[in-house]
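Worth saying up front: this structure is predicted, and the values here are computed from it rather than measured. Just so it is clear: chains get the letters A, B, ... in the order the sequence lines come, proteins before strands, and each one is counted from 1.
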Number of protein chains: 2
Amino acid sequence: MGITKKEIFTEQQNRIASLAKAIGHPARVAILQQLFKSNTCICGDLVNEIGLAQPTISQHLKELKNMKIIKGNIEGTSVCYCIDQETWSEIETLFQAFFTQKVNRAGDCC
Amino acid sequence: MGITKKEIFTEQQNRIASLAKAIGHPARVAILQQLFKSNTCICGDLVNEIGLAQPTISQHLKELKNMKIIKGNIEGTSVCYCIDQETWSEIETLFQAFFTQKVNRAGDCC
DNA sequence: TTTATTTATTGCAATATTACGATTATAATT
DNA sequence: AATTATAATCGTAATATTGCAATAAATAAA
């Protein structure tokens, strides 16, 4: 069907999944890395840095904005983007916990 | 076009993205959590635990296997899955570094 | 060997994603 | 007001993903 059955999962499972999904595209990884690197935020520079068309970058920015992973600030004709620290902290906490889950190797089968 | 332009990104960006994408579905998050929780690995129990049809779970397992996030061990008629520690360590390292990038708040625009 | 159990594969329908050209919206500049 | 610059939106094509019924494959048990 192509539609994810979100209703059968916990809120946390859906949250982790949708945040991971947002990061699950190299263009969005590149955008986030640029935002981290450049403290003057950048905007259309992303289009030049990354080799994708402007509407494509704009679409990826929209997805990151929808997940509140980034924020946009209008500055004249250009828009300045940056990481949303609040959501990013949530990501850190959520994934830290998820990634560092301990395996009980005792009864491991493989 | 629906096809990701992987060639214009770095190997690391593509790696982070495809690992995040693999985790970017609640069913796969649920599977991983089960594998962490139950050290006796489980197999078709996942079908009962998670409310999806057997072929659907099998497909999600395949994706996780393709990314080498999990390993499968045939035990009679059933298959015993578990986390692939090697890849999981890579994920920890890769994402730890990615998530904890410091923002230089000095020239921040928003 | 037949039967039951378990998992993988196939085939398909519905929906989502990716990418971009064309266009529009907004604001600064002339 | 007209022009320029920047970014968002629309429309569309190509491809990917999600989910499941039906079926196949593999092994264990009878």
Side-chain angles (χ1 to χ4, degrees), chain A residues 1-9 13-14 17-18 20-31 34-35 40-67 70-82 109-110, chain B residues 1-9 13-14 17-18 20-31 34-35 40-67 70-82 109-110:
Chain A
M1 290 176 192
I3 192 162
T4 301
K5 280 192 166 179
K6 294 201 177 183
E7 66 279 7
I8 66 171
F9 301 102
Q13 285 166 341
N14 284 316
S18 53
K21 195 175 180 182
I23 298 169
H25 191 288
R28 295 193 289 269
V29 171
I31 287 171
Q34 270 296 320
L35 292 185
T40 66
C41 276
I42 24 173
C43 20
D45 302 336
L46 290 165
V47 178
N48 300 320
E49 292 278 349
I50 303 166
L52 290 172
Q54 179 266 318
T56 309
I57 295 291
S58 197
Q59 196 174 272
H60 285 300
L61 286 169
K62 193 181 176 183
E63 282 182 65
L64 291 170
K65 239 189 311 179
N66 286 343
M67 289 303 296
I70 64 172
K71 290 192 281 191
N73 219 31
I74 300 166
E75 290 196 351
T77 54
S78 58
V79 178
C80 190
Y81 283 101
C82 63
C109 70
C110 37
Chain B
M1 290 175 194
I3 191 161
T4 301
K5 280 192 166 180
K6 293 202 177 184
E7 65 278 7
I8 66 171
F9 300 103
Q13 286 166 341
N14 283 317
S18 53
K21 195 175 179 181
I23 298 169
H25 191 288
R28 294 194 289 270
V29 170
I31 288 172
Q34 269 298 320
L35 292 186
T40 66
C41 276
I42 25 177
C43 19
D45 301 336
L46 289 165
V47 178
N48 300 321
E49 293 278 348
I50 304 165
L52 290 172
Q54 179 267 318
T56 308
I57 295 292
S58 196
Q59 195 176 270
H60 285 301
L61 286 169
K62 194 180 176 184
E63 281 182 64
L64 291 170
K65 240 188 311 178
N66 285 344
M67 288 303 296
I70 65 172
K71 289 192 280 190
N73 219 31
I74 300 166
E75 289 196 352
T77 55
S78 57
V79 178
C80 191
Y81 284 102
C82 62
C109 70
C110 37

S.K.: Base, sugar-phosphate or nothing for Leu52(A)? Non-hydrogen atoms, less than 4.0 Å.
M.R.: sugar-phosphate

S.K.: Side chain of Gln59(B): nearest nucleotide among dG19(D), dA27(C), dT6(C)?
M.R.: dG19(D)

S.K.: What integer distance in Å separates Tyr81(A):OH from dA8(D):C1'?
M.R.: 8 Å

S.K.: What nucleotide, of dT9(D), dT7(C), dT6(D), holds the atom closest to the side chain of Ser78(A)?
M.R.: dT6(D)

S.K.: Measuring from Ile50(A):CD1 to Ile8(B):CD1, what's the distance to the nearest 0.5 Å?
M.R.: 7.5 Å

S.K.: When you get a sec, tell me which of dT6(C), dG19(D), dA7(D) is the closest nucleotide to the side chain of Val79(A)?
M.R.: dA7(D)

S.K.: Please give, in whole Å, the distance from dT9(D) P to Lys62(A) NZ?
M.R.: 5 Å

S.K.: Does any N or O in the side chain of Arg28(B) come within less than 3.5 Å of the main-chain N or O of Ala22(B), such that one atom is a donor and the other an acceptor?
M.R.: yes

S.K.: Between atom NE2 of His25(B) and atom OG of Ser18(A), what is the distance when rounded to the nearest 0.5 Å?
M.R.: 11.5 Å

S.K.: Rounded to the nearest Å, what distance is computed from the CG atom of residue Asn73(B) to the C1' atom of nucleotide dT7(C)?
M.R.: 14 Å

S.K.: Respond yes when some side-chain nitrogen or oxygen of Thr56(A) is under 4.0 Å from OP1 or OP2 of dC20(C), and no when none is.
M.R.: yes

S.K.: Is any N or O donor-acceptor pair between the side chain of Gln54(A) and the base of dA8(D) shorter than 3.5 Å?
M.R.: yes

S.K.: Give the rounded distance in Å between these two atoms: CG of Leu64(A) and C1' of dA7(D).
M.R.: 16 Å

S.K.: Ignoring the backbone of Pro55(B), work out which of dT9(C), dT6(C), dA19(C) is nearest its side chain.
M.R.: dT9(C)

S.K.: Atom NE2 of His60(B) to atom P of dT17(D): distance rounded to whole Å?
M.R.: 12 Å

S.K.: Hey, which of these two, Thr77(A) or His25(A), hits DNA chain C nearer its 5' end, going by closest nucleotide?
M.R.: His25(A)

S.K.: Can you measure Lys6(A) atom NZ to dT17(D) atom C1' for me and round it to whole angstrom units?
M.R.: 13 Å

S.K.: Using only side-chain N and O atoms of Lys21(B), determine if any of them is under 4.0 Å from OP1 or OP2 of dA16(D).
M.R.: no

S.K.: With heavy-atom distances below 4.5 Å as the criterion, would you say the side chains of Tyr81(A) and Asn73(A) are in contact?
M.R.: no

S.K.: Would you indicate what Thr4(B) reaches in the nucleic acid, counting non-hydrogen atoms under 4.0 angstrom: base, sugar-phosphate, or nothing?
M.R.: sugar-phosphate

S.K.: Send over the distance from Ile3(A) CD1 to dC12(C) P, rounded to a whole Å.
M.R.: 22 Å

S.K.: What integer distance in Å separates Glu75(A):CD from dT26(C):P?
M.R.: 18 Å

